[in-house]
Amino acid sequence: MANRRLAPAAEQPQDFAFTPENADWARGQIAKYPEGRQASAVIPLLWKAQEQNGGWLPQKAIEAVADQLGMPHIRVLEVATFYTMFALEPVGRYWIQVCGTVPCDCCGAKELKAALHDRLGPSGHVSADGNFSWLEVECLGACCNAPMVQINQDYYEDLTPESLNKLMDDLAAGRPVKVGSQIGRISSEPKDAVNTLTDPSLFDGSRVGAWRKRFEQTEGAGPSEEGTKRDEAASTEARVADETKPARPSAGRANESKAVDAPAERASAGETPVKPQDQADARDAQAPAAQDPAVEEDKLLRTEPPQHPAAVGAGDDVPEGENPEARADAAGTRPKGLDAPREDRPDDLTKIKGIGPINQRRLNDLGIWHYDQIAAWSPKEVAWVSAYLAFPGRIDRENWVGQSADLAGSKD
């Protein structure tokens, strides 16, 4: 299996956005899920982004899908790198995915991989004419017709190195090709000969007719029929008398048993519904402290790996061993703060996406209390705060300055 890594930076596009048609399609996919569950649309949106980008998925497309679904970039990157259906590097006009799991491996997948390697070179590389690239993947679910490959959207089964090479020749030349089994097999029927369900009586009605005739003969037996029915009834009654069983499953206990020591039972017996020991245990038990959802969200966001900020003045030469203020001073200019909030009424900075209670307290410690203060930050001040909070690039990525300007304007 190939390593699942993003393409080199030199091959990555600078930006990505859905076309108007694909954007409408993406909104339709998201609308299928209830509020708060939009992340469930991540796979179809990544698939559409890959299709739009010529068959492979660049980093900017992954980030665009993450932003549209309100997910951290790392979460969507985890999905894209897990599933081999997503190509993380440029692919050829025909992308060949070779199944390499046990059924295909036993039936000739090794030979297919050798043929592809001889013709195209190592996996993950596009051929010189731009037509082909290949990759070994896990099971594609066509085990009965092994070995097989998937080329773009179609399956090609029952392959040999010779038939695979001919298939590639036809594709490169623009000739029509046969999808599915390459040996004429229909669906997943036996490979060599069809030896099951061949009895004609299964299909011409003769077998069913034989059973019907037998029952008709039994019904026309005359007086003995009544005797047979009486014997069957007597046998059934005797069996029921000897083999009694409840009318419904016991669900793990006898049907006759009653709940014991329940509050209702204790009250009917004149006792207190709740035992004193249970009350004492409840008083002693300490409920787990409820976490503020915003705090949890802030912790989740902090798990995203830092990215280099676009702001001026924040470089890789920031000393790792210095305290936060020393690191920030090396990255930019500290923004001017206030000794106290104006009129003792600070703004709720957690309304800015990306700022939770923890970051709000840290900003307050710097004298940042109001939206208009953040809205006025220069690039060097953004770089200073980014380094101080240990979130390089996040302020630019989440546009704190723009969000703050909007919030400050809505107060006016």
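Note that the coordinates shown come from a computational prediction; the quantities given were computed from them, not determined experimentally.
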Under 3.5 Å: donor-acceptor pair, side chain of Ser404, backbone of Ile374: no

Ile96 versus Met168: any side-chain heavy-atom pair under 4.5 Å? yes

Check whether any side-chain N or O of Gln373 sits under 3.5 Å from a backbone N or O of Gly367 as a donor-acceptor pair, and report yes or no. yes

State, to 0.1 Å, how close Ala66 and His73 come at their nearest heavy-atom pair, and which atoms those are. CB-CD2, 3.6 Å

Assess whether side-chain contact (heavy atoms from CB on, under 4.5 Å) is satisfied between Ile62 and Val79, documenting all intermediate values. CA-CA 10 Å; Ile62 295 172; Val79 175; over 6 Å; no

Could you tell me whether a side-chain N or O of His125 sits under 3.5 Å from a main-chain N or O of Ser133, the two making a donor and an acceptor? no

Closer than 3.5 angstrom, by distance alone: can the side chain of Arg394 be matched with the main-chain N or O of Asn399 as a donor-acceptor pair? no

Heavy-atom pair with the smallest gap, counting every atom of Phe16 and Ala49: CZ-CB, 3.7 Å

Looking at side-chain heavy atoms only, is the closest gap between Thr101 and Leu140 below 4.5 Å? no

Decide, yes or no, whether a salt bridge links Asp329 with Arg334 under the criterion of side-chain N to carboxylate O below 4.0 Å. no

Between Asp348 and Tyr371, is the side-chain contact (heavy atoms from CB on, under 4.5 Å) condition met? List the steps. CA-CA 8 Å; Asp348 182 4; Tyr371 303 133; 4.0 Å; yes

For the side chain of Tyr155 and the backbone of Gly141, is there at least one donor-acceptor N/O pair under 3.5 Å apart? no

Just so I know, are the side chains of Glu138 and Cys99 near enough to count as touching, which here means a heavy-atom distance under 4.5 Å? no

Return yes if a side-chain donor-acceptor contact under 3.5 Å exists between Gln153 and Gln150, otherwise no. no

I need the minimum non-hydrogen distance between Pro90 and Ala7, along with the two atoms involved. CD-CB, 4.1 Å

Taking the side chain as every heavy atom from C-beta outward, state whether Arg27 and Trp25 have any atom pair closer than 4.5 Å. no

Using the ring of each side chain (for Trp, its six-membered ring), is Trp134 parallel, tilted or perpendicular to His117, with breaks at 30° and 60°? perpendicular

When you measure from the side chain of Ser386 to the backbone N and O of Val382, does any donor-acceptor pair fall under 3.5 Å? yes

Hey, which of Ile355, Asn359, Ile358, Leu366 is the one that makes side-chain contact (heavy atoms from CB on, under 4.5 Å) with Leu389? Asn359

What I'd like to find out is whether the side chain of Gln403 reaches to under 4.5 Å of the side chain of Lys353, using heavy atoms alone. yes

Does the distance from a Lys or Arg side-chain N to an Asp or Glu carboxylate O, for Arg119 and Asp169, drop under 4.0 Å? yes

Measure from the side-chain N and O atoms of Glu381 to the backbone N and O of Ser378, and report whether any donor-acceptor pair falls under 3.5 Å. yes

Let me have the donor-acceptor pairs involving side chains of residues 171-181, under 3.5 Å, with sequence neighbours excluded, atom names and distances please.
unit_1	atom_1	unit_2	atom_2	d
Arg175	NE	Asp170	OD1	2.8
Arg175	NH2	Asp170	OD1	2.9
Lys178	NZ	Ser181	O	2.5
Ser181	OG	Asp158	OD2	2.6
Ser181	OG	Ile183	N	3.3
Ser181	OG	Arg185	N	3.3

If only atom types and distance count, is the side chain of Gln52 paired as donor or acceptor with the main-chain N or O of Gln50 below 3.5 Å? no

Is the backbone of Gln59 close enough, under 3.5 Å, to the side chain of Gln12 for a donor and an acceptor to pair up by distance? yes

How many angstroms lie between atom CD1 of Ile395 and atom CD1 of Ile352, to the nearest 0.5 angstrom? 10.0 Å

Any luck finding a side-chain donor-acceptor pair between Asn364 and Trp369 under 3.5 Å? no

State, with a plain yes or no, whether a side-chain heavy atom of Glu136 is found less than 4.5 Å away from one of Lys113. yes

Give the intermediate values and the outcome of side-chain contact (heavy atoms from CB on, under 4.5 Å) for residues Arg5 and Thr81. CA-CA 7 Å; Arg5 296 193 180 103; Thr81 54; over 6 Å; no

Okay, side chain of Gln68, backbone of Leu45: is any donor-acceptor separation there less than 3.5 Å? no

